[in-house]
Amino acid sequence: MNNNLLSLYSKCFGVDNARQFFDEMPHRDVVSWTSVLSAYVKSGNHEQALELFDWMMFSGQYPNEFTLSNVLRSCSALGQFEYGTRIQSHIVKHGFVSNPVLCSALIDMYSKWGFTEEAYKLFAYMENGDTVSWTTMISSFVQARKWGQALRLYIRMIEVGVHPNEFTFVKLLAASCFHGLNYGKLVHGHMIVWGVKLNVVLKTALVDMYSRCQRMEDAIKVSNLTREYDVSLWTTIISGFIQNLKFREAVAAFHRMEVSGIAPNNYVYSSILNACSSIPSLDLGKQIHSRTIIGGLEDDVSVGNALVDMYMKCSDIIDYGLRVFRGINSPNVISWTSLIAGVVENGFDREALRFFMEMQATGVQPHSFTLSSIIRACSRVKSLSQVSELHGYIIRTKADYNIAVGNALVDAYAGLGMIDNSWRVISMMSHRDAITYTSLATRLNQMGYHEMALNVIPHMYNDNVEMDGFSLASFISASAAMASAETGKRLHCHSIKSGLRRWISVSNGLVDLYGKCGCLTDAHRAFQDINEPDAVSWNGLISGLVSNGCISSALSAFDDMRLAGIKPDSVTFLLVIFACSRGRLVDLGLEYFQSMTKVHDIEPQMDHYVRLVDLLGRAGRLEEAMEVIETMPFKPNALIHKTLLGACNIHKNVPLGEDMARRGLKIDPSDPGIYRLLAHLYDNTGRSDLAEKTCQAMTERGLIKNPDKSRMEFKNKVHIFVAGHDENEVLEENRCSYS
DNA sequence: CGCGAGATTT
């Protein structure tokens, strides 16, 4: 009777009242102890459960199988490894191993600790496996992300005649979507064939599967199969829309949920805030923020984390996000990572480093995401010492080192020009992906080492890493810069075979490549292959035409671009003004320059003024060019003086040329080009004595002539043309050995 | 008196 009363108290008045009654009971048996223990476990008081169990053993009461399964659950929840294995030995000693319930509980415990193999050993040892033990083992594989093994175990389950139920299918659906839509549909079909009843948890798993397979319409269809909706299902729907980049629909789903009378919780708010960051919409984000306050969730860590992220992505004022961050009670790794990544993203690299130190001071350990963000910050402030310090820290602390961290290190070292270190990191990584090699190739391109960038290809090939659109675009841009049509053509072939030419960056690269190689027909064809050319595509085409001297075609391409409704950008105007300059169309060029601000709302940059000076100078309007330099809103650089000096050369204006040389050298005394142009000017105006003196001055200052080279490929050889050389150098290209 | 299922944020 007392045991029944105990059960009544725990169900109606809570575990504390039950405990009080238990303490006053004159006689207790194993059922009394287990009732209280199970009440603790059910209410999540695992520490108290284990404490009670200790006391039970101390008082000489033997546990039975019911007691032990409860204790196992607490061990599993608390991560009490020692305690758990002690219970296991107790189970073995007292002959409980044949109990399927206890076996399932043990399998579950080992799985939750991450010991999948040990769990499987226990499972394989079982003789009377039931639906629960099979399902537990399948969950174990799913948790370990071993999707294939999970699905294969299901096949064996059917073979040995154990029936799956709705619990099994929830896990199978989670596994199947990682093998593609066909597997997901197959599992869905099996579910129907087995006649499993569709409850809300199963429906959620189906919605999740379809949305992960980019089938949002099907996901919604499934969710409408029954009328039962709960907050988890809504969360899955909202985040499904977000994953499929349908932000409007995500917000609409959020509203529908509220209208249906289900109150959003922290999961829902985190999801919908993610939509705000992705759009990005500060207004919407602020509205959601106010809702979280009304809903009393402003203190929740995950909502706070999502808010920090939202403010960081929706505004460039880091104080908004920082204010939310400071309001979070006990920030976790994700909070710190959101803050640091956001601060880095907004360009406040030094602040990011300070927050990283603060994070460690508060005892929070960084994980891979934190590390890759902070490494990026260090590489951007060009701090080698900080990058290597972090690298050392990562090795020392055996920090969460994964491919993202490795890639960040590769990129950081390459960005600092330390290519050897990048390769060393690459060789130490357990495996590499396209990002690893792309970031390296991109950095090499930035530094002008295009040949080295192309030599990344064989490494990638030998490593069995497939190119993606980003890597292919980098390699194409390297071969464009080298005017290497042969390599470029191979990459072009690859782009067709792999289907990557659908990437706009790849096809834009091809247009640029053929333009730079002087193959205008191919450039045109590559351009026409693009479904929807963007401004970059048009710029590539125009650039190819201008650099090959087809001025009028370039200008009519510019007209076509506007007719096609593509807005010209600042690069377009650099090209167009340059075209006018080459074509001696001074007034048209001036018109284009003025139209930038007047019509297109593009503020001219320094480079545009350089081109403008070139335009006027070449046409002999030297005073006007001079006036541009003096009235433009930028401080003149050496290049602009050099440009006008070049024009003086053409028009044999010694005084202005001398003036420009003087001004240019004041800014950059180490530029041999200025000396060369000045010497040339003297030569052209019959002052070879002064020309000689200028050359002498240049040599005295230790400046080496390093003339620009022009490359052209012919019969697998790259010919390099250098101004002032009679014999042209022939370079045997070191061909990339991939095919 | 005991075992197996779903959702969020970097």
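Below, each value reflects all heavy atoms present in this structure, side chains not excepted, and no hydrogens, waters or symmetry copies. Below, read A as the first sequence line, B as the second, and so on, with proteins coming before strands; counting in each chain starts at 1.
- Between Phe81(A) and Phe115(A), a ring centre-to-centre spacing shorter than 6.0 Å is recorded.
- At a cut-off of 3.5 angstrom, counting only N and O atoms as typed in the model, there is no donor on one side facing an acceptor on the other between the side-chain of Thr136(A) and the base of dG4(B).
- Residue side chain Asn99(A) reaches the base of dG2(B) through a donor-acceptor N/O pair under 3.5 Å, judged by distance alone.
- Under the 6.0 Å cut-off for aromatic ring centres, Phe53(A) and Trp33(A) do not qualify, their centroids lying 6.0 Å or more apart.
- Judged by distance alone, with hydrogens and angles left aside, Thr236(A) brings no side-chain donor or acceptor close enough to the base of dA7(B) to form a pair under 3.5 Å.
- Regarding Ile237(A), its CD1 atom lies at a distance of 12 Å from the C1' atom of dG6(B), rounded to whole Å.
- In this model, the phosphate group of dA7(B) is not approached by any side-chain N or O of Lys203(A) to a distance below 4.0 Å at OP1 or OP2.
- Between Lys42(A) and dG2(B) there is a side-chain polar atom (N or O) within less than 4.0 angstrom of OP1 or OP2.
- Looking at the side chain of Ala306(A), the nearest of the listed nucleotides dT9(B), dA5(B), dG6(B) is dT9(B).
- Dashed line: the shortest gap from a side-chain N or O of Asn274(A) to OP1 or OP2 of dT9(B) is under 4.0 Å.
- Across all strands, Thr131(A) comes closer than 4.0 Å to base atoms (heavy-atom distances).
- With distances taken from any side-chain atom of Phe167(A) to the nucleotides dT10(B), dG6(B), dG4(B), the minimum falls on dG4(B).
- Of the candidates dA5(B), dG2(B), dG4(B), the closest approach to any side-chain atom of Phe66(A) belongs to dG2(B).
- In this structure, Tyr154(A) atom OH and dA5(B) atom P are separated by 18 Å, rounded to whole Å.
- Donor-acceptor pairing under 3.5 Å, judged by distance alone, is present between the side chain of Ser302(A) and the base of dT8(B).
- If you check every strand for non-hydrogen atoms under 4.0 Å, Lys11(A) touches sugar and phosphate atoms only.
- Atom-to-atom, CD of Glu65(A) to P of dG2(B) comes out at 12 Å; the value is rounded to the nearest Å.
- Between the side chain of Asn265(A) and the base of dA7(B) there is at least one donor-acceptor pair of N/O atoms closer than 3.5 Å.
- Aromatic ring centres of Trp55(A) and Phe58(A) lie farther apart than the 6.0 Å criterion allows.
- A salt bridge is defined here as a Lys NZ or Arg NE, NH1 or NH2 lying under 4.0 Å from an Asp or Glu carboxylate O, and Lys146(A) with Glu117(A) fails to meet this definition.
- Taking atom CG of residue Leu37(A) and atom P of nucleotide dC1(B), one finds them 14 Å apart after rounding to whole Å.
- OP1 or OP2 of dG6(B) sits under 4.0 Å from a side-chain N or O of Lys171(A).
- The side chain of Tyr267(A) sits closest to dA7(B) out of dT9(B), dG6(B), dA7(B).
- Of the candidates dG2(B), dG6(B), dT8(B), the closest approach to any side-chain atom of Val170(A) belongs to dG6(B).
- Here the nucleotide nearest the side chain of Val231(A), chosen from dA7(B), dT10(B), dG4(B), is dA7(B).
- Geometric assessment of Arg19(A) against the ring of Phe22(A) yields a negative cation-pi assignment under the 6.0 Å and 45° thresholds.
- In this structure, the CD atom of Gln143(A) is 13 Å from the C1' atom of dA5(B), given to the nearest Å.
- Under the 6.0 Å distance and 45° angle rule, Arg291(A) does not count as a cation-pi partner of Tyr269(A).
- Counting heavy atoms from C-beta outward, Ile138(A) and Tyr154(A) have side chains that approach closer than 4.5 Å.
- At a threshold of 4.0 angstrom between heavy atoms, the contacts of Leu233(A) include nucleobase atoms, whether or not backbone atoms are also involved.
- Put simply, CG on Leu202(A) is 15 Å from C1' on dA7(B), counting in whole angstrom units.
- The nucleotide whose nearest atom lies closest to any side-chain atom of Ser139(A) is, among dA5(B), dT8(B), dC1(B), dA5(B).
- For the pair Asp208(A) CG and dT8(B) C1', the computed distance is 12 Å after rounding to whole Å.
- Within the structure, a side-chain polar atom (N or O) of Ser239(A) is placed less than 4.0 Å from OP1 or OP2 of dT8(B).
- Residue-level contact check: Ser104(A) touches the bases, meaning some heavy atom is under 4.0 Å from a base atom.
- With hydrogens and angles left out, the side chain of Asn199(A) and the base of dA5(B) share a donor-acceptor pair within 3.5 Å.
- Distance from the side chain of Ser338(A) is smallest for dT10(B) among the nucleotides dC1(B), dA7(B), dT10(B).
- Atom CD1 of Ile107(A) is separated from atom P of dG2(B) by 20 Å (rounded to the nearest Å).
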